[in-house]
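Both backbone and side-chain heavy atoms feed into the values below; hydrogens, waters and symmetry mates do not.
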Amino acid sequence: MEITPSKLVFHELIGLHVTIVEATNPILKDISGKVVDETKNMIIVQTKDGIEKMIQKNGTSFVFQIPAQLSGKHAERYVKVNGNLLLSQPENRTKNIRKIHMR
C-alpha cells in the first residue's frame, strides 16, 4: 500500500528517515536518521554514526522522508508531522487505517 502524506500517521514508521525540526528539548532539534523502533511515547532514531536516540513524541515535530517507491510518485516526499498525532501504540495506530478505508 502506498504511503500518502495524509495517511502517514497510520503507517509503519520503522525504516523511514526522519529529522526532528521542533522539540520542547532544544538538544533534540536537528537530529536525523533512520527510525529503528517505536513505542507509545517514543521514536528511536539511529543516527548516521550508529547512535540510537530516544525522542519523545509529545511536543516534537518530525519530518519524515517517504521514498519514491512507497509514495507512488517519481520522487521522494517529505511530510511534517506533529508528534502528538503519533501518541499511540504503533500496532493500534496502524490498525486505524482499515477503519478509514471502510468509511
Chemist: Mind checking the CG-CE spacing from Asp37 to Met54? Nearest 0.5 Å is all I need.
Modeler: 8.5 Å
Chemist: Taking atom OG1 of Thr19 and atom CZ of Phe62, what is their separation to the nearest 0.5 Å?
Modeler: 11.0 Å
Chemist: Looking at Ile44 and Glu38, what are the two nearest heavy atoms and their distance?
Modeler: CD1-N, 4.3 Å
Chemist: Please report the interatomic distance CD1(Ile31) to NZ(Lys48), rounded to the nearest 0.5 Å.
Modeler: 13.0 Å
Chemist: Taking the side chain as everything from C-beta on, heavy atoms only, tell me whether Asn84 gets closer than 4.5 Å to Asn58.
Modeler: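 Side chain of Asn84 against side chain of Asn58, heavy atoms only: contact under 4.5 Å found.
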Chemist: Do His17 and Ser32 touch side chain to side chain, with heavy atoms closer than 4.5 Å?
Modeler: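 A side-chain contact under 4.5 Å exists here.
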Chemist: Test your reading of the model: is there a side-chain donor-acceptor pair from Lys57 to the backbone of Thr39, 3.5 Å cut-off?
Modeler: yes
Chemist: Counting only N and O atoms by type, is there a donor-acceptor contact under 3.5 Å from the side chain of Asn25 to the main-chain atoms of Ile27?
Modeler: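 It does hold such a pair.
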Chemist: Please examine the side chains of Leu16 and His11, heavy atoms only from C-beta on, and report whether any two atoms are closer than 4.5 Å.
Modeler: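 Contact flag for His11/Leu16 side chains = no.
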Chemist: Kindly indicate whether the side chain of Tyr78, heavy atoms from C-beta on, has any atom under 4.5 Å from the side chain of Glu76.
Modeler: yes
Chemist: Establish whether Val21 and Val18 are linked, either directly or via other cluster members, by ILVMFWY side-chain heavy-atom contacts under 4.5 Å.
Modeler: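 Looking at the clustering, Val18 is in a separate group from Val21.
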Chemist: Among the clusters formed by ILVMFWY side chains lying less than 4.5 Å apart, do Leu85 and Val45 turn up in the same one?
Modeler: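 They do share one cluster, since a chain of ILVMFWY contacts under 4.5 Å joins Leu85 to Val45.
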Chemist: At what distance, to the nearest 0.5 angstrom, does CG of Leu13 lie from CG of Leu8?
Modeler: 6.0 Å
Chemist: For Lys40 versus Pro90, what's the shortest heavy-atom pair and its separation?
Modeler: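 Taking every non-hydrogen atom into account, N-CD, 4.3 Å.
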Chemist: Let me check something: do Leu28 and Phe64 share a hydrophobic cluster, defined by ILVMFWY side-chain heavy atoms less than 4.5 Å apart, either directly or through other members?
Modeler: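 Yes.
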Chemist: Can you hop from Val63 to Ile20 via hydrophobic side chains spaced under 4.5 Å?
Modeler: no
Chemist: Can you find a heavy atom in the side chain of Met42 that is under 4.5 Å from one in the side chain of Gln56?
Modeler: yes
